[in-house]
Amino acid sequence: MLSSSIYNKRRQDLIKHMGKGVAILKGAPEQIRTHDTEYPYRQDSDFYYLTGYTEPGAACIIDPNNKDNPFSLFVLPQDPKKEVWTGWRLSFADTVVKFGADQALDISEFEANALAAMKTSSKVYTNLNHDKTHQYKMIDHVGQVRKDVQRTGGGPEGLESIGAITHGMRLIKDDHEVELMQKAADISADAHSRAMQACKPGMYEYQLQAVLESHFVHEGGSGPAYTSIVGAGDNATVLHYIKNRDQIVDGDMILIDAAAEYDMYAADITRSFPANGKFSEAQKAIYEVVLKAQKSVIEAAKPGVAYQDLHDLDLRLLVEGMIEIGLLDGTADEVIESASYQEYFMHKTGHWLGLDVHDMGNYMAEGESITLKPGMVFTVEPGIYVNSKSKAPAKFLGIGIRIEDDILITESGNKNLTAAVPKEISEIEALMTSE
Ligand code: GLY
Ligand code: MN
Ligand code: MN
């Protein structure tokens, strides 16, 4: 966890944007996995970004109109009988100190405090995410407050998403965030190299998954940042293949899209390599098209460039390459105009990366692409997927290739946070055949 002063600075920035508004946020609810056991708990990213609080059962109110207690944290109270099962809870006094709150209260007091804070605020910001119960309650509260203040004036008109402010803030990573993201990237990069070295025909996809995920945890990550994709042969052409149950056959291309979460921050890496350590001519042909596009996009990524231009460059290079190797017919302009490339390349070139693997933040504003700025982090992940049912030449069937790195925009250009995993054909072959 970062020092509480960092979260305090974020709350001050939030307040500048909110004016006389109030932020009333709920932490993520716990999710049941089976009967009475839960999924591992993961805090809501906006809640964490503003509070640093990672335990379940919490809420907060950030209220610049409340001069005594502008930042209130609501947490589960100490309860020795429950703590025996789930771990010790901080006292309210210790919670105040650790999280830089003005007061810490029992979570049972949250709704009443939320109603009171709404009455003195012109706008209410809340987290509008998957916690529908919280959203409905907040809508009810606003309706209740509107009735109360109808004759006296003031009060909020409605609810706004906290993301309208935080998602713009989260787009630019501060130094501490970059440090954590580099750590997540390093662990993940190392895990990919280990998986390449471990791979042998006859293994099962889940055994490579185990190599990766055990390294994530061994190095202090909380686990995978998203469900690991380990697809061999035709499975590599399924974009979100997460079953990872099949046996790896000699001659398969393998696609691994997997990365660690470290101290709440995600990495996101994909590498593709031949199961037997040696690229066939057909695998090499597709791989070189994807690699050229990926490297060219990374080279073009610098401050001042429109984010959309990266996708356009990627698309053009992939299309030109696919025409050259005989996967597509026509000119590049015709293929792009008709979108016939979508048979083999059907996703965008990348996405923002941070607390969420598909991080928040707009790609367009007022009809224009966002321009890249220092501190932004995003993936560059072109791919070509020729599934066995497609009309491509036989030699290409069952080959899925994606190459994905995590790019930080810097003052002078960019830094590839995941450059440590080999991606040149010669490097991959050398690593896989070394003893
Ligand atoms: N791992 C998910 C993605 O690459 O977008
Ligand atoms: Mn990605
Ligand atoms: Mn990925």
Side-chain angles (χ1 to χ4, degrees), residues 1 23-61 73-90 92 95 99 104-114 126-141 159 161-163 166 184 205-206 209-210 212-214 216-217 220-230 238-245 257-266 268 354-360:
M1 192 192 109
I24 302 178
L25 310 177
K26 195 89 191 273
E30 290 192 276
Q31 305 285 347
I32 297 293
R33 183 169 183 277
T34 61
H35 178 43
D36 55 359
T37 62
E38 297 89 19
Y39 283 102
Y41 185 71
R42 169 62 161 73
Q43 186 56 278
D44 172 84
S45 293
D46 282 322
F47 191 88
Y48 174 75
Y49 186 76
L50 293 169
T51 65
Y53 197 82
T54 53
E55 296 299 316
C60 78
I61 299 179
L73 254 182
F74 299 84
V75 298
L76 294 173
Q78 289 186 309
D79 179 340
K81 281 205 180 108
K82 291 203 173 127
E83 289 170 60
V84 166
W85 292 90
T86 53
W88 308 127
R89 296 174 185 170
L90 287 181
F92 297 134
T95 302
F99 295 95
L105 300 172
D106 190 315
I107 187 67
S108 64
E109 297 184 56
F110 170 60
E111 303 297 342
N113 278 266
T126 194
N127 34 3
L128 300 177
N129 52 20
H130 44 271
D131 186 355
K132 298 281 180 259
T133 312
H134 167 62
Q135 290 179 33
Y136 295 145
K137 257 194 194 147
M138 293 292 287
I139 292 167
D140 268 359
H141 287 351
L159 272 184
S161 168
I162 192 73
T166 50
E205 293 164 340
Y206 53 78
Q209 179 182 0
L212 288 144
E213 294 184 4
S214 91
F216 298 163
V217 176
S222 54
Y226 51 90
T227 309
S228 301
I229 296 170
V230 182
V238 178
L239 297 181
H240 286 167
Y241 176 78
I242 52 171
K243 289 198 189 98
N244 306 347
R245 301 311 298 169
D257 184 345
E261 183 175 88
Y262 184 84
D263 213 348
M264 301 293 279
Y265 283 84
D268 186 4
L355 286 168
D356 295 329
V357 65
H358 294 165
D359 211 30
M360 308 312 281

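Throughout, residue positions are numbered sequentially from 1 according to the sequence presented. It should be emphasised that the depicted structure is a prediction, and the values quoted were computed from it without experimental measurement.
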Measure the [atom1]-[atom2] distance between [X] and [Y] for me, rounded to the nearest 0.5 Å.
X	Y	atom1	atom2	result
Tyr265	Asp356	OH	CG	10.0 Å
His358	Asp268	NE2	CG	6.0 Å
Ile229	Asn244	CD1	CG	8.0 Å
Ser45	Met264	OG	CE	5.5 Å
Gln78	Trp88	CD	CH2	10.0 Å
Glu205	Ile242	CD	CD1	12.5 Å

Report the residues that fulfil side-chain hydrogen bond (donor to acceptor under 3.5 Å, both in side chains) with [X], sequence neighbours left out, ordered by chain and then residue number.
X	result
Ser228	Glu213
Thr95	none
Thr133	none
Gln43	Tyr41

For [X], check salt bridge (charged side-chain N to carboxylate O under 4.0 Å, His left out) against everything at least two apart and list the hits.
X	value
Asp359	Arg170, Lys173
Asp257	Arg402
Lys82	Asp79

Give every residue pair that meets the salt bridge (Lys or Arg N to Asp or Glu O under 4.0 Å) criterion with at least one member in residues 24-34, sequence neighbours excluded.
none

Once side chain to side chain contact (heavy atoms under 4.5 Å, CB included) is applied, do any residues pair with [X], and if so which ones, sequence neighbours excluded?
X	answer
Asp140	none
Lys132	Gln135, Tyr136
Leu76	Arg89, Ile107

Using side chain to side chain contact (heavy atoms under 4.5 Å, CB included), reason through Asp46 and Leu25 one step at a time and then give a plain yes or no.
CA-CA 9 Å; Asp46 282 322; Leu25 310 177; 5.6 Å; no

Looking at Tyr48, is its backbone amide N or carbonyl O close enough to the side chain of Tyr53 to form a donor-acceptor pair, meaning the two atoms are under 3.5 Å apart?
no

Mark yes or no for whether Asp106, through its side chain, and Pro77, through its backbone, hold a donor-acceptor pair below 3.5 Å.
no

If you take all heavy atoms of [X] and [Y], which pair is closest and at what distance?
X	Y	result
Asn127	Ile162	CA-CG2, 3.8 Å
Leu159	Met138	CD1-CB, 3.8 Å
Leu212	Ala258	CD1-CB, 4.2 Å
Cys60	Phe47	N-CE1, 3.6 Å
Ile32	Tyr39	O-CE1, 3.4 Å
Ala225	Ala266	CB-CB, 3.6 Å

The test is side chain to side chain contact (heavy atoms under 4.5 Å, CB included); show your working for Phe99 and Thr51 and say whether it passes.
CA-CA 7 Å; Phe99 295 95; Thr51 65; 5.7 Å; no

For side chain to side chain contact (heavy atoms under 4.5 Å, CB included), just list the numbers for Glu55 and Val75, CA-CA rounded to whole Å, side-chain angles, deciding distance to a tenth of an Å, and then say yes or no.
CA-CA 8 Å; Glu55 296 299 316; Val75 298; over 6 Å; no

Phe110 meets the ring-ring contact (aromatic ring centres under 6.0 Å, His included) criterion, sequence neighbours left out, with Phe74

Look at atom CD1 of Ile139 and say whether more than 12 heavy atoms of other residues, nucleotides or ligands are closer to it than 6.0 Å.
yes

Apply side chain to side chain contact (heavy atoms under 4.5 Å, CB included) to the pair Asp131 and Asp44, showing each step before the final yes or no.
CA-CA 10 Å; Asp131 186 355; Asp44 172 84; over 6 Å; no

